[in-house]
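Note sheet for the following structure.
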Amino acid sequence: MVKTIDHSEITVIGGGVIGCFIAYYLSKAGKDVVLVDKGDVGAGASGANDACIMAQSKKPGPKLSLAIHSSNTLWQNLAEELDHDIEYVRKGSMLVMESEEEVEFIRAFTQAQKDFGLPVEFLDQKETRRLQPAISPRILASTFCPIDGEVNPFFLLVALVNKIRCHGGRIYTHCAVEGFKTREGMMTHVATERGLIQTSVVVCAGGAYSSHVGRMAGVDIPIEPRRGQVLITEAIPPLIGPYIMSAKAIVAKHSAVASAHEKAGSPEYALGMIISQTVSGNMVLGVTYEFAGYDTRTTVQGITAVARYTSTILPALRNLRVIRTFSGLRPFTRDGLPIVGPSDRFPNFIIAAGHEGDGVAVSPATGMEVSQRLIEGAWSDRRESREVRKEQVSVGFPG
Ligand SMILES: Cc1cc2nc3c(=O)[nH]c(=O)nc-3n(C[C@H](O)[C@H](O)[C@H](O)COP(=O)(O)OP(=O)(O)OC[C@H]3O[C@@H](n4cnc5c(N)ncnc54)[C@H](O)[C@@H]3O)c2cc1C
């Protein structure tokens, strides 16, 4: 007989930023929580990203709302609330444009964001150079969003884990979920490689692996992995102020999603550019957008392309040494929307995944919203569960 290793009110699968924030807010509210991960906390995309808390990369819609809410009300107080330095800095971000076509696209994109309530301003070439003196003179214009910031995702995850444990939550790492036990249409146990966890509610926050977790329960979770490759350089004195993203990255992220998706399964990549500098001075250079299955290796093609492109935007990068490269898998959905809410099949199997390249930025607001709904019992009624999920998903923006 398989042994039962724990009993909990709520079991969260996935120790990324989404799962950890959900577990944190639940445990803070006095809920009995268990969190399980097949690797370490941060083993997925949450430990392999650019760490930018960016609102201005998002289209008007639910993700932009979550990002604004997170930046205005949550991120600023988190270090104090978590009792831990998370290296959160709010230096703002810039989107830089290299062609007249991009200027035209971004003008319209920015206007729509302004109408939605995002503080963002358009800067001409001279104003761009004044704000970011190291930038290449070939940049035609930029936008500036003052509420954007950066965080150290490793410090953040450590801080969340500490608090979850302080609140009585249990965390099992290197403990893969392998299946579920159900009775009368409800989940009753999570089956892990170490034994069973008896539970009343299961939250799937498995990031790019959520479809695998869903399949164990016969639930379709349409999330695919979309790889991104990143380079880290040696630490240098401050080179940039606000972090920089190319308008191309926005195009790759939104307009090109559909066409890139046509190539699913091939290692071909779309290339964007994001450059930030950590509190310690290391330059973080990204990023590719690739459908390469679950392959988390970096490639010569990807790393070379990122290095070449970023140094055309910031020529001073050419003299720097790269000390580390890595890649991560974004949890990609076809319509660009995260999947948040109960599954159709089991009302007590809640999905919270699919935040693609925005998961860090929106993680506090997502964690707060999901935990509040669980605490209020908003998803406990079988008849309501489908409606809630539909309502959440239908307000979105197309990919
Ligand atoms: C290169 C790159 C750059 C990015 N840059 C940014 C950025 O600048 N700003 C931003 O906001 N976002 C960024 N993102 C996106 C962000 O990293 C993700 O959206 C976010 O980390 C997703 O978090 P998550 O908790 O949903 O998933 P993950 O962090 O992937 O966590 C899922 C966890 O589930 C666990 N798991 C899976 N299957 C099982 C199982 N069977 N049993 C137990 N555990 C399981 C995994 O081990 C993993 O730890 C970037 C992503 C990449 C790849």
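As a basis for the values below, the full set of heavy atoms in this structure was taken, side chains included, without hydrogen atoms, waters or symmetry mates. Numbering of ligands and ligand atoms starts at 1, following listing order.
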Subject >> Whether Asp295 side chain and Arg297 backbone form a donor-acceptor pair below 3.5 Å >> reply: yes
**OP:** Indicate yes or no for a side-chain donor-acceptor contact from Tyr294 to the backbone of Ala208 under 3.5 Å, with no hydrogens or angles considered.
**Re:**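 It does hold such a pair.
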Subject >> Ring centers of Phe346, Phe180 separated by less than 6.0 Å >> reply: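 No; Phe180 has its ring centre 6.0 Å or more from that of Phe346.
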Original post:
How far is atom 30 (O) of ligand 1 from its nearest protein heavy atom, and which residue and atom name does that atom have?
Top reply: Ala45 N, 3.0 Å
Subject >> Within residues 31-40 or reaching into it, pairs that qualify as salt bridge (charged side-chain N to carboxylate O under 4.0 Å, His left out) - sequence neighbours excluded >> reply: Glu9-Lys31, Asp32-Arg170
Original post:
Are any of the side-chain heavy atoms of Ile350 and Ile22 separated by less than 4.5 Å?
Top reply: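 The answer is no, as the side chains (C-beta and beyond) never meet within the 4.5 Å cut-off.
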Original post:
Out of Thr299, Leu271, Thr304, Val287, which one pairs with Gln229 under the side-chain contact (heavy atoms from CB on, under 4.5 Å) rule?
Top reply: Thr299
Nitrogen or oxygen of [X] less than 3.5 angstrom from that of ligand 1:
X      : result
Pro331 : no
Lys38  : yes
Ser46  : yes
Gln229 : no

**OP:** Mind checking whether Val287 contacts ligand 1 via backbone (N, CA, C, O), side chain (CB onward), both or neither, at a 4.0 Å heavy-atom cut-off?
**Re:**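 For Val287, only side-chain atoms sit under 4.0 Å from ligand 1.
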Original post:
Applying a 4.0 Å heavy-atom criterion (strictly less than), which segment of Glu356 is in contact with ligand 1: side chain, backbone, both, or neither?
Top reply: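 The backbone, only.
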Original post:
Quick one: does Gly286 get a heavy atom under 4.0 Å from ligand 1?
Top reply: no
Original post:
Closer than 4.0 angstrom: is that true for some heavy atom of Met54 and an atom of ligand 1?
Top reply: no
In a table with atom names and distances, give each donor-acceptor pair under 3.5 Å that connects a side chain of residues 111-119 to protein atoms at least two apart or in another chain.
unit_1	atom_1	unit_2	atom_2	d
Gln111	NE2	Asp115	OD1	3.0
Gln113	NE2	Gln56	O	2.9
Gln113	NE2	Lys58	O	2.8

